[in-house]
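Read the structure below first, then the notes.
The structure displayed is predicted, hence computed values, not measured ones.
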Amino acid sequence: MKISKIIVKNFRGIRGEHTYVLPHIAKLTGPNGSGKTSLLDAVRYVTGDVLPEGSPVTNGENYMSVSMFLNGTEYTRGIKISKEGRNAGFCKVDGRKVSKKDFDQAVETELGFSLENIRNVMSADIFKSLDSKGFGKFILSYIPQKLSKAELIGQVPQEAAVLRACEEVIPDDAVIDMDTVDELYHTFYSTRKDVNFRVKSLQASLELIPEEMPGVTQEIVDAKEGNILIYDEKVKAYNQNLARYERDLKQLETLRNSLKSVQDEIAALGTVNAPDPALAVSIASEKAEKQKRITDAQAAVKAAKMSNDTLSRSKQALSSNACPFSSEIVCTTDKSEILKGIDENIHINNMAIESQTNLVDGLKSDLQAVIDKETAYRNAEKAYEKYTYLQKQEAETKKHLSMVNPVEPEKVPAQDDIETERALVKEMKNALLNREKRQMYEADLEKAAADSDTYQKLVKAFAPDGSVVKYVMQFYSAILDDAVNSTAEKIKDGLKLHFAPENGLKVKANTGNGFISYESLSKGEQVDIIYLIIHLINQLSGSRVLLLDETSVLDDKAFDKLVKTICENSGEYDHIILSGVHGHSMLDDMGIPELVEKQPEQVEVQSLN
């Protein structure tokens with residue numbers, strides 16, 4: 001992976017945009033907080049998508065990116081922070097946004113191998129873990145070759161049954177590494193706890209179930225319950241018939257009272273004959289004739305009165321000597337005869353008015369007599385209508401009475417023991433339910449006990465000192481031994497390393513006097529081991545970038561030896577960066593340049609060597 005240059009923008013402690021040209025070998029020195037680790041983390045991020053702990057974006061900024069140039073093509077990884085504070089990763093190729101999948105495919109096409117296992121380890125990680133119990137888990141995470149479930153079962157036959165039994169937890173295509181083993185151990189431990197709790201709960205539930213009632217079968221319960229049901233149906237039918245009987249009695253009493261009331265009203269009316277319709281016609285004709293005569297007489301009176309008014313006005317006019325046409329003309333004609341004739345006519349009219357008025361009064365008296373006859377006729381009609389209505393009511397009531405026939409139902413013989421039998425059936429049904437519940441709990445308990453035994457075996461097998469862990473360590477130990485010792489011989493004749501599966505993995509070395517622990521080696525031998533492990537991890541992960549940091553933990557002699565070993569094997573790497581707080585004279589003597597930021601005009605002409 002030969003990188004011509006990288007561009008870092010707002011990555012951790014590196015604020016703003018900075019460009020670095022990567023030579024084959026470079027040193028990176030400076031005080032703490034100067035950005036050395038940030039630059040190394042940027043290299044790890046862009047080459048292997050490995051982010052450091054904490055936020056990778058420089059404090060106060062809303063995005064970061066790291067670009068690397070391979071054969072003139074720019075490959076960029078980055079993160080943008082939204083207004084809501086969520087991180088969104090992005091990838092670009094020559095400034096064009098692409099998916100992560102397309103990005104990885106483009107880089108793999110450029111390099112000619114898969115990026116899946118490439119991981120750049122920094123020496124600081126090795127310094128921290130080399131003496132710890134976590135070293136085995138740390139170094140195993142870099143091994144691309146993984147153990148399968150089938151291989152594990154084949155090598156741990158005593159656990160084959162329980163491993164096959166937990167197929168849901170460990171599928172057939174599962175990859176078995178130390179992370180998987182650790183996760184499975186905690187899963188099995190937690191599940192065993194839950195299963196054991198269920199076993200105790202089921203045992204407690206069984207103890208609470210009452211003792212079984214002997215001789216109880218479903219057939220006996222059904223027979224007894226059937227007899228009770230027949231009795232209950234009879235009682236129900238009796239109660240329904242009794243209610244109907246009581247309703248009929250009440251209805252019968254009501255109808256009898258109604259009939260008596262109707263008959264009493266008929267008796268009170270006596271014999272009522274139907275009125276003659278001809279009489280109604282005669283009364284109507286007589287009434288109309290009287291009303292017409294009254295109207296005619298009243299019209300005559302009105303006409304006479306109007307005539308008198310006219311005659312009176314004429315008389316008044318004739319009684320004056322003034323001419324109606326001129327006040328200067330005096331009329332001297334004798335009008336006495338005319339006035340006398342007027343008076344006679346007025347007298348005749350008054351006689352007619354008196355006569356017709358008397359006639360009207362007499363006719364009104366006659367009309368009232370006719371109206372009284374009409375009223376009497378209408379009352380006779382109503383009395384007859386009521387009489388016929390009551391007769392109809394009497395007939396209908398008698399008809400209803402004939403239809404009501406109360407029949408008192410026959411009582412159901414009492415069964416004194418029915419309630420006792422009912423309570424017994426209830427008790428027997430509960431006994432059957434408890435039997436079913438007991439059988440269900442016993443079956444569940446049997447399964448839970450078997451599960452408990454299985455998970456107990458799994459916990460034991462996957463425990464830190466269990467058979468599975470031992471074999472997994474042995475499996476990966478052999479891979480590590482083969483890989484590291486192919487290089488150890490080149491570093492020092494006779495040197496061999498062994499990753500011993502002891503409480504994890506312990507590094508041991510044989511320098512000619514048998515294998516001894518890393519702690520027991522001389523400082524110089526420890527430096528060889530450190531280099532071999534760095535080289536081993538890079539070899540396993542497929543990276544050709546060596547990042548040596550925290551070199552201040554080594555004394556000058558150890559550091560000089562490590563650098564010398566690295567330089568002697570520099571052909572194994574495309575890039576080597578040596579980082580530390582202080583520089584070393586040996587680096588200057590060897591002419592190793594400082595990795596510094598390049599100005600834009602310098603970037604294009606900088607030699608890669």
Next item on the list: Give a yes-or-no answer on whether the side chains of Tyr389 and Glu385 include a donor-acceptor pair shorter than 3.5 Å.
Entry: no

Notebook entry, point to check: Short question: side chain of Ser285, backbone of Val281 - any donor-acceptor pair under 3.5 Å?
Noted result: no

Checklist line | Side chain to side chain, Glu61 and Lys9, heavy atoms closer than 4.5 Å | finding: no

Item checked: Spacing of Met68 atom CE and Thr73 atom OG1 [to the nearest 0.5 Å] -> 10.5 Å

Check: Which pair of non-hydrogen atoms, one from Leu51 and one from Pro56, has the smallest distance, and what is that distance?
Finding: CD2-CB, 3.7 Å

Item checked: Interatomic distance, Tyr20 atom OH to Ile7 atom CD1 [nearest 0.5 angstrom] -> 11.5 Å

Notebook entry, point to check: Between Thr397 (side chain) and Gln393 (backbone), is there a donor-acceptor pair under 3.5 Å?
Noted result: yes

Notebook entry, point to check: Roughly how far apart are Asp444 CG and Met440 CE, rounded to 0.5 Å?
Noted result: 6.0 Å

Notebook entry, point to check: If you take all heavy atoms of Ala449 and Val199, which pair is closest and at what distance?
Noted result: N-CG2, 4.0 Å

Margin query: Less than 4.0 angstrom from a charged side-chain N to a carboxylate O is my criterion; do Arg422 and Asp232 meet it?
Written below: yes

Check: Salt bridge or not for Asp264 and Lys260, using N-O below 4.0 Å?
Finding: yes

Margin query: Please determine whether the number of non-hydrogen atoms from other residues, nucleotides or ligands lying under 6.0 Å from atom OH of Tyr384 exceeds 12.
Written below: no

Item checked: Exceeds 12 heavy-atom contacts within 6.0 angstrom, atom CD of Gln291 -> yes

Note to self: Quick check on Tyr238: does its OH atom have over 12 non-hydrogen neighbours (other residues, nucleotides or ligands) under 6.0 Å away?
What the structure shows: yes

Item checked: Leu39 and Ile6, any side-chain heavy atoms less than 4.5 Å apart -> yes

Margin query: I'd like to know if Arg438 pairs up with Glu212 as an ion pair, taking the criterion as any Lys NZ or Arg NE/NH1/NH2 lying under 4.0 Å from an Asp or Glu carboxylate oxygen.
Written below: no

Check: Around atom CD of Gln415, are there more than 12 heavy atoms of other residues, nucleotides or ligands at under 6.0 Å?
Finding: yes

Notebook entry, point to check: Can you tell me if Thr454 uses its side chain to pair, donor with acceptor, with the backbone of Ala450 under 3.5 Å?
Noted result: yes

Item checked: Side chain proximity check, Thr76 to Cys91, heavy atoms < 4.5 angstrom -> no

Note to self: To the closest 0.5 Å, what do you measure between CG (Asn358) and CD (Gln356)?
What the structure shows: 9.5 Å

Notebook entry, point to check: Under 4.0 Å between a Lys/Arg side-chain N and an Asp/Glu carboxylate O for Lys97 and Asp102?
Noted result: no

Notebook entry, point to check: Taking atom NZ of Lys193 and atom OH of Tyr189, what is their separation to the nearest 0.5 Å?
Noted result: 7.0 Å

Check: Salt bridge check: are Glu253 and Arg256 linked by an N-O gap of less than 4.0 Å?
Finding: no

Notebook entry, point to check: For the residue pair Phe103 and Tyr75, does the interplanar ring angle fall in the parallel (under 30°), tilted (30 to 60°) or perpendicular (over 60°) class?
Noted result: perpendicular

Check: If we only count heavy atoms from C-beta on, is the Ile79 to Tyr45 side-chain gap below 4.5 Å?
Finding: yes

Next item on the list: Would you indicate whether the side-chain heavy atoms of Thr271 and Asn273 approach each other to under 4.5 Å?
Entry: yes

Checklist line | Residue pair Leu318 / Ile342, side-chain heavy-atom distance below 4.5 Å | finding: yes

Item checked: Between NZ on residue Lys200 and CG on residue Leu445, distance to nearest 0.5 Å -> 13.0 Å

Note to self: For a quick test of reading the model, state the closest non-hydrogen atom pair linking Val66 to Val46 and the distance between them.
What the structure shows: O-CG2, 3.4 Å

Note to self: Using salt bridge (Lys or Arg N to Asp or Glu O under 4.0 Å), reason through Lys305 and Asp309 one step at a time and then give a plain yes or no.
What the structure shows: CA-CA 6 Å; Lys305 285 182 178 180; Asp309 289 341; over 6 Å; no

Notebook entry, point to check: Is there a donor-acceptor pair under 3.5 Å between the side chain of Tyr63 and the backbone N or O of Val57?
Noted result: no

Note to self: Counting neighbours of NZ on Lys373 that are heavy atoms of other residues, nucleotides or ligands and sit closer than 6.0 Å, is the number greater than 12?
What the structure shows: yes

Notebook entry, point to check: Does Ser190 reach the main-chain N or O of Thr187 with its side chain, forming a donor-acceptor pair under 3.5 Å?
Noted result: no

Next item on the list: Look at Glu289 together with Arg293 and state whether they make a salt bridge at an N to O cut-off of under 4.0 Å.
Entry: yes

Next item on the list: Given salt bridge (Lys or Arg N to Asp or Glu O under 4.0 Å), test Lys399 with Glu396 step by step and report yes or no.
Entry: CA-CA 5 Å; Lys399 180 181 178 181; Glu396 289 181 356; over 6 Å; no

Item checked: Met306 CE: over 12 foreign heavy atoms closer than 6.0 Å -> no

Note to self: Working note: Gln218 + Leu432, criterion side chain to side chain contact (heavy atoms under 4.5 Å, CB included); need CA distance, chi angles, decisive distance, verdict.
What the structure shows: CA-CA 8 Å; Gln218 188 64 50; Leu432 288 176; 3.1 Å; yes

Next item on the list: Quick one: do Ser65 and Phe11 satisfy side chain to side chain contact (heavy atoms under 4.5 Å, CB included)? Show the steps, please.
Entry: CA-CA 7 Å; Ser65 68; Phe11 186 88; over 6 Å; no

Notebook entry, point to check: Can you tell me if Ser38 uses its side chain to pair, donor with acceptor, with the backbone of Ile14 under 3.5 Å?
Noted result: no

Notebook entry, point to check: Within the side chain of Ser314, is there an N or O that forms a donor-acceptor pair under 3.5 Å with the backbone of Thr310?
Noted result: yes

Next item on the list: Please tell me if the side chains of Asp248 and Gln251 come closer than 4.5 Å, counting only heavy atoms from C-beta onward.
Entry: yes

Checklist line | Modelled atom types, side-chain donor and acceptor of Glu110 and Asn71, under 3.5 Å | finding: yes

Check: How far apart are the closest heavy atoms of Phe90 and Met64, and which atoms are they?
Finding: CZ-O, 3.9 Å

Next item on the list: For Glu442 and Leu206, run side chain to side chain contact (heavy atoms under 4.5 Å, CB included): C-alpha distance rounded to whole Å, both residues' side-chain angles, the deciding distance at 0.1 Å, then the answer.
Entry: CA-CA 8 Å; Glu442 286 174 346; Leu206 278 169; 4.0 Å; yes

Item checked: Over 12 non-hydrogen atoms of neighbours within 6.0 angstrom of CG in Asp417 -> yes

Next item on the list: Quick one: do Glu17 and Val8 satisfy side chain to side chain contact (heavy atoms under 4.5 Å, CB included)? Show the steps, please.
Entry: CA-CA 6 Å; Glu17 180 176 328; Val8 184; over 6 Å; no

Check: Are the charged groups of Glu74 and Lys92 less than 4.0 angstrom apart, N to O?
Finding: no

Item checked: Exercise: identify the closest heavy-atom pair between Val370 and Ile283 -> CG1-O, 3.7 Å

Notebook entry, point to check: Please walk me through it: do Asn308 and Asn350 pass side-chain hydrogen bond (donor to acceptor under 3.5 Å, both in side chains)?
Noted result: CA-CA 8 Å; Asn308 279 351; Asn350 286 337; 2.8 Å; yes

Next item on the list: Can you see which heavy atom on Thr47 is nearest to which on Arg77, and at what distance?
Entry: O-NH2, 4.5 Å

Check: Can you check whether Leu252 reaches Pro406 side chain to side chain, under 4.5 Å on heavy atoms?
Finding: yes

Check: Above 12 or not: heavy atoms from other molecules or residues under 6.0 Å from CE of Met351?
Finding: no

Checklist line | Pair Arg198 + Asp451: basic N to acidic O under 4.0 Å | finding: no

